[in-house]
2 protein chains.
Amino acid sequence: MRISANVSERAKEPPNIGVSVVILALGPSDMDAHGSLSAPAGADASGNDTIPTLRIPLVCRIRQPFLGDWALPGGDLQGGRSLEFAAEQALHSTTSLHPQYLEQLYTFGDPSRSHGGLPMVSIVYWALIGETEAKDFHEAQNVRWFPVNQLPPLAFDHKDIIDYALTRVRNKIEYSDIATRLVGSEFTLSQLRNVYEAIYGRKLDPPNFRRRMLSTGMVEPTGEKLARGAHRPASLYRYAAHPGTSKPQNATARQ
Amino acid sequence: MRISANVSERAKEPPNIGVSVVILALGPSDMDAHGSLSAPAGADASGNDTIPTLRIPLVCRIRQPFLGDWALPGGDLQGGRSLEFAAEQALHSTTSLHPQYLEQLYTFGDPSRSHGGLPMVSIVYWALIGETEAKDFHEAQNVRWFPVNQLPPLAFDHKDIIDYALTRVRNKIEYSDIATRLVGSEFTLSQLRNVYEAIYGRKLDPPNFRRRMLSTGMVEPTGEKLARGAHRPASLYRYAAHPGTSKPQNATARQ
DNA sequence: GAAATAGTGTCTTTCAGACATTATGTG
DNA sequence: CACATAATGTCTGAAAGACACTATTTC
């Protein structure tokens, strides 16, 4: 790619640019039937009250440094392509999936992070993938999905990056509509609550969650009900695209 | 720098990397005596109740595209240098100043943003500079300071970038200690409130501001007082580095 | 005393969380 | 009926904002 006359000239050259993605997916509870996960953490297998877990696909490194460790999916940035495009491409080539949500996380460029490899500026995105889509995934070569609370040894500074992404998404869910993108067009408040619980990593109080969601005006009832299990059926809701009273949210707020 | 065999090969090459800075400075009210500002917006000139204004240094472009428009200070990223270093260097070469606070804002890399210039990925930082330091600045060649509410025509997407930086800093000031970095080691609550007012761009209620600041535990009284003007002297406070009860804040939170 | 800012007290609203209670379905 | 989840109601405490009021200094 790059031709240098000598070593001293090379030191002044700009580093390479890569784009990586932290992919956060709501794993379905029966994911083991499709993939090869080591730790199922589903919620509706047998009426238990565990919470759904976020899962991250990682790629096993096949060269030094960090040979055999796991790393975030990514690739070099080609000219003429947007950063989002590069992030989506890295996501799709690893998982054969498309994200419900994609946002830039941070750009990591410290020279010390290459650890003997080529100096690299990594523009990192984070993506959200819902249950429905994650069901279709097939485990590609050198790719494995891990629960966020059971991550393997990670290459470079990728552990810090994942932690940062989790901090970001847990903050963002409080003031944006990203959670509604991970459920279908019609959903019960329990389903929506499960998304929040997966991202927060803890249980939420159902009555308070209901009141909070309805008070924002972001969801509205469809009038239909969904019967699932030996209990009272739940009302279905849809995402109210443009709530009248609440203030608009965009990607820039609270970044 | 980069040697390409032909045009088609060039299209696949990575774009150049630059680092730019949105420099936000608390202009002193008598800044006109030092610089050549068009619109003074000081607060203590004659007992008025205007609020201090944030100012931004911009560089006049001396080539196409956007010849004659104003742009953010910046430069190419050299290998072996951290992104922060490049941002500080761009800041210092433009203003001869060092920032109180420096934080990465966002990386802009859309191919359409070059507008006929060379394709460029811009890693943008934002910096805060306090009154004391801004007093020392000298107006360099092609550099001028503008109040944030009276910006000139800007090159590329730099207007969007500045707006984004203002959104970020106004959010960040709510849950971080960046404001205390813009006052001296000892300060009155009025002085601290002026920093908040400059960043928010609006007046704050003094009693409520006092209560809010003291309740966080981030400031503690020194026991001394400062007499300034025909009124009751104000108590001096210092920044309490590690408040006991409040939760720790770091650069990653709420990004 | 007038003026100006420093500082205290109080009231209201809003929101989050804890938790009791009722409602409605299935086995 | 037992049981599980849906949905409503109520209480409390924290935090923010409006604003009245007192305190202390200089001119």
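Every value quoted in this text rests on a predicted model; they were computed, and no experiment measured them. Residue numbering restarts at 1 for every chain, and letters A, B, ... go by the order of the sequence lines.
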Mind telling me whether B:Tyr101 and B:Trp126 have parallel, tilted or perpendicular rings, with 30° and 60° as the class edges?
tilted
For atom CZ of A:Arg212 and atom C1' of D:dA7, their distance in whole Å
17 Å
Calculate the interatomic distance between B:Asp205 atom CG and C:dT8 atom P; express it in whole Å.
14 Å
Short N-O contact, A:Arg238 and A:Glu220, less than 4.0 angstrom
yes
Roughly, in whole Å, what's the span from CZ in B:Arg202 to P in D:dA18?
8 Å
Between atom CG in A:Leu214 and atom P in D:dG9, what is the gap in whole Å?
12 Å
Strand contacts (DNA chain D) in residues 229-238 of chain B, 4.0 angstrom heavy-atom criterion:
B:Gly229, B:Ala230, B:His231, B:Arg232, B:Pro233
A:Phe156 meets the ring-ring contact (aromatic ring centres under 6.0 Å, His included) criterion, sequence neighbours left out, with A:Phe66, A:His158
Donor-acceptor pair between A:Arg211 and A:Asn208 side chains, under 3.5 angstrom
yes
Taking the ring of A:Tyr164 and the ring of A:Tyr106, is the distance between their centroids below 6.0 Å?
yes
To the nearest Å, how far apart are B:Arg210 CZ and C:dG9 C1'?
13 Å
Could you grab the distance from atom CZ of A:Phe108 to atom CD of B:Gln104, nearest 0.5 Å is fine?
8.0 Å
Rounded distance (Å) that lies between atom P of C:dG17 and atom OH of A:Tyr196
12 Å
Looking at B:Arg193, does any N or O in its side chain come under 4.0 Å of the phosphate oxygens OP1/OP2 on C:dA6?
yes
May I ask you to say what A:Arg211 touches in the nucleic acid, namely base, sugar-phosphate or nothing, with a heavy-atom cut-off under 4.0 Å?
base
Sole candidate of B:Leu182, B:Leu128, B:Ile199 that passes side-chain contact (heavy atoms from CB on, under 4.5 Å) when paired with B:Ile173
B:Ile199
With a 4.0 Å cut-off on heavy atoms, is A:Pro207 in touch with a base, just the backbone sugar-phosphate, or nothing at all?
base
Rounded to the nearest Å, what distance is computed from the NZ atom of residue B:Lys225 to the P atom of nucleotide D:dT26?
13 Å
Let me know the distance between CG of B:Asn194 and P of C:dT5, rounded to the nearest Å.
11 Å
So for A:Asn208 and C:dA18, does any side-chain atom that can act as donor or acceptor lie under 3.5 Å from a complementary atom in the base?
yes
